[in-house]
Structures are given as structure tokens and as C-alpha cells.
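A quick write-up on the structure given underneath.
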Amino acid sequence: MTLDNTKNMHYRTLGKTGLNVSLLSLGTGGPSMFGQNNGLEQKQQTELVRRCLDMGINLIDTHERYKDSEEILGKALKGVSRDAYNLVTKWAYAPGGDDFESDPEALSRSVERSLRRLGTDHVEVLLFHGLMPEHHDLVLERYVPVLQRLKDEGKVRFGGFSLRFVDDPSHEGALTALERTPELWDVIMLKFGILNQYASKHALPLAMEHNIGILNMAAVRFKLPDPKLLAETIADWKARGLIPSDALPDDDPLGWLVDDDVDSVISAAYKFAAEHPAIGSVISGTSSIEHMERNISAMERPYLPQEARFRLERLFGHIAEYA
Ligand SMILES: NC(=O)c1ccc[n+]([C@@H]2O[C@H](COP(=O)([O-])OP(=O)(O)OC[C@H]3O[C@@H](n4cnc5c(N)ncnc54)[C@H](OP(=O)(O)O)[C@@H]3O)[C@@H](O)[C@H]2O)c1
């Protein structure tokens, strides 16, 4: 498959940031960790990044803790015009779970390190990684003033947080922040996908109400690319009464999503992840150019047939657990 220009890409405004971002973006974490977990070398990672930019991707997500992703990304972007892409990076304010960084300036030191590795003087978005509801007040008091200073200095344009999808599958971190301090946050990164639809109940409508940009992470992740894991998950949900036992076949339970316009369950998953109007961009964590080409191709029509979407919503819309 060859996509030689950006005609396949859709763009959306990322909430109040006003950034015009590609509906599919590149993530440098997740299971592949920018190919660091499957033997890719700088030359291939550079090719991946350049191909993504050629195909219209203009947002790349990274983290100070995605092994060497920031440094690899900085090298891959060397010489590329800075206005061709938006960078999102993160800071782990609680690197040891509930063991917080006590010095607020740890945030500015982290951002300085990120900028150096990325070879830039600013990032578009800085996220507090994995905001838990019980940490909201501490983050507000201890670190948000430093974030504001970094914004004033022009090192960070917009601020927000990501969620922990294993520990917080019903997005309490986002709901707390959206209730108490919606004016503070420009961007939230959360997980919304076929098997994780719960965000559409509260977090996505609230984010839209406050015009907060949503970056959708890990919409595919482990279970949808792996037929065995997917079948096990569906069997478990049937056994626990979360879905009716006759609702889906045991074998290839989501195979019915594949049709003339949807070449795989993975394509269906990226489409589903993109359709909700609150979503600014769906981050794809692939390290394969071929996979990214397929994923971008799926985004050409970023929606499923209505009947298929309704069926998925009826099946899984009520489930609030990590999958
Ligand atoms: N709390 C947080 O802040 C947080 C947490 C998780 C993720 N994130 C961010 O969100 C990004 C996306 O999450 P994710 O990496 O879990 O991404 P994802 O896009 O949901 O899933 C990536 C996985 O799907 C596979 N895949 C993707 N497209 C495929 C295709 N066409 N065919 C076959 N397999 C395919 C990839 O394998 P291949 O590499 O083989 O294609 C990879 O194993 C991360 O990279 C990271 O930047 C943030």
C-alpha cells in the first residue's frame, strides 16, 4: 500500500488549544515503545517518523520515561521544520506510585531534559502522567504553578494530564479535575475504544462542555491485535455476566466488523476510537510503517457503519474496566 500525500488524513481542532491536529498521531510508548522493544534502530525509527509526517501526521506523543524515545525522536526530527509537528510529552509526578516528587522544580528539570533530548525549545503539550483523583489537590498546589511558569517562559504551550487506565478505568482522575478545575486543563489523554467505551458516559461529554482537547491513547493495545486474548476477554465477560452468553461467537467474536470498508478488527478499532466528536487525535503506537499505512488508510473514513457502532455500544458501552 502506498499513500503518497496527506489526502487520506483528517484534522481536528484539539479543544481550546486551537491546534489543528491529525486525527491519527504517532505514539512512542505502549507495547512497542517506538520499536525499542522489537529491535528497531535509529535509521528505521527515523524512517517511521518521516513517513508519518509525509502521510499527514502532525502530532507525536512521547514521555520522559519511554526508555530513549525522546532522544530517538529528537534525532528523527532533526532538520524537520518545527511547524510541521506538535510534540506532547509527559512528566511522572508520582514516579513511585504514591511516592511523589517533593520538589516542585523536578517538573521544570524534567521539561528541560525533555527539550534537550527532543532538540527543541518548546513542546506543544506537557501532561502530568497518570493523574489519580486523590492526587488532584496536591498536583494543583505543588506543580501547577511551575507549569504556569513554564508556559509563561514559552517552553510549554499547553498543559494537561493523562490517566492510568489500569488503576482508574472509570476516569475518576478526569472527572475530579473536570468538576473542580476545568479552566486549568487544555488537554486530557485517556483511553476510549471498542472494549473501553466508558469515557463516553461522562468524561468525553464533560471535556466537550469545557472545550478540553482529548488525545485517545491505547485504543488497540494488546487485546484487539491478538485473536486469542480477545476471545479470552469476551469469554470472561460472558462468564461474569457482563455481556449475554449468546451475544457473540466464541471464536473470532468481532470478526463481523470486517467488511468491504473495514479490512481488520484493528482498523475497526481505530475507526471506532476516532468517531466520537470529543476526540482530537487517536494515538497509534505502532512501530511498523506498513501498519501505520493501514491505520491511516482506515482513518480515511473514520467511522463504522452505524449498525456496527450501535451493536458495539449495546454490547460493551456499560463496561468500566481495563481491557
Ligand atoms: N498513561 C499514558 O500516558 C499512556 C498510556 C498508554 C499509552 N500512551 C500513549 O499512547 C500511545 C498509543 O498507545 P499504544 O502504544 O498502546 O497504541 P495502540 O495503537 O493502541 O496499540 C499499539 C499496538 O497495536 C499494534 N498495532 C497497531 N497497528 C497495527 C496494525 N495495523 N496491525 C497489527 N498490529 C498493529 C502495535 O504493534 P506493531 O508495533 O507491530 O504495529 C502495538 O503492539 C502510546 O504509544 C503512548 O504514546 C500513554
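In listed order, ligands and their atoms are each counted from 1.
Residue-to-ligand polar distances keep P225 apart from ligand 1: every N/O pair is separated by 3.5 Å or more. Where the criterion is an N or O separation shorter than 3.5 Å, residue side chain and backbone included, T62 fails it with respect to ligand 1. For ligand 1, none of its N or O atoms has an N or O atom of F165 under 3.5 Å away. No N or O atom of P31 sits closer than 3.5 Å to an N or O atom of ligand 1.
Side-chain atoms of H10 come within 3.5 Å of backbone atoms of E300 as a donor-acceptor pair (strictly under, hydrogens ignored). Although no hydrogens or angles enter the test, the distance criterion places a donor-acceptor pair under 3.5 Å between the side chain of Q36 and the main chain of Y66.
Atom 2 (C) of ligand 1 has its closest protein heavy atom at M217 SD, 3.4 Å. Among all protein heavy atoms, the one lying closest to atom 3 (O) of ligand 1 is S162 OG, 3.0 Å. Scanning the protein for heavy atoms near atom 23 (C) of ligand 1, the closest one is R221 O, 3.6 Å. Nearest to atom 19 (O) of ligand 1 among the protein's heavy atoms is Y270 OH, 2.5 Å. In terms of protein heavy-atom proximity, atom 48 (C) of ligand 1 is closest to Y66 OH, 3.1 Å. Among protein heavy atoms, the minimum distance from atom 39 (O) of ligand 1 is reached at S287 N, 3.1 Å. Nearest protein heavy-atom neighbour of atom 45 (O) of ligand 1: G29 N, 3.0 Å. Atom 36 (C) of ligand 1 has its closest protein heavy atom at T286 CA, 4.2 Å.
In H129, the part holding a heavy atom less than 4.0 Å from any atom of ligand 1 is the side chain. Contacts with ligand 1 closer than 4.0 Å are made by heavy atoms of both the backbone and the side chain of I283. Looking at S32 against ligand 1, only its side chain comes within 4.0 Å, counting heavy atoms. Residue contacts with ligand 1, taken as heavy atom pairs separated by less than 4.0 Å, do not involve R164 at all. Contact annotation: for L224 versus ligand 1, there are no heavy atoms closer than 4.0 Å.
Around atom 13 (O) of ligand 1, the closest heavy atom drawn from G130, G30, G35, A218 belongs to A218. Heavy-atom proximity to atom 35 (C) of ligand 1, evaluated over K191, K90, H291, is greatest for H291.
In the displayed structure, D121 atom CG is contacted under 6.0 Å by more than 12 heavy atoms of other residues, nucleotides or ligands. Within a 6.0 Å radius of CD in E41, other residues, nucleotides and ligands contribute 12 heavy atoms or fewer.
Seen from the ring of W91, R109 does not count as a face-on cation partner, given the 6.0 Å and 45° thresholds. The cationic atom of K223 (NZ for Lys, CZ for Arg) lies less than 6.0 Å from the six-membered ring centre of Y322 and within 45° of the ring axis.
No heavy atom of V88 sits closer than 4.0 Å to any atom of ligand 1. Put simply, no part of F34 is less than 4.0 Å from ligand 1, judged by heavy atoms.
Close approach of ligand 1 to L163 (heavy-atom distance below 4.0 Å) involves ligand atoms 1 (N). For ligand 1, the atoms sitting less than 4.0 Å from at least one non-hydrogen atom of D61 are 9 (C), 46 (C), 47 (O), numbered in the order shown with element in parentheses.
Looking at R157 and T17, their side chains never bring a donor and an acceptor atom within 3.5 Å of each other. Between the side chains of S170 and H202, not a single donor N or O lies within less than 3.5 Å of an accepting N or O. A donor-acceptor pair shorter than 3.5 Å can be found between the side chains of E70 and S114. Using a 3.5 Å distance cut-off with no hydrogens or angles, the side chains of Y93 and H129 do not pair a donor with an acceptor. Under 3.5 Å, the side chains of T181 and W185 contain a donor-acceptor pair of N or O atoms.
For the side chain to side chain donor-acceptor pair (under 3.5 Å) with T46, the qualifying choice from K43, Q44, Q42 is Q42, the only one to do so.
One hydrophobic cluster holds both L53 and Y11 under the rule that ILVMFWY side chains link at heavy-atom gaps under 4.5 Å.
Atom CG in L257 sits 9.5 Å away from atom CZ in F272 (nearest 0.5 Å).
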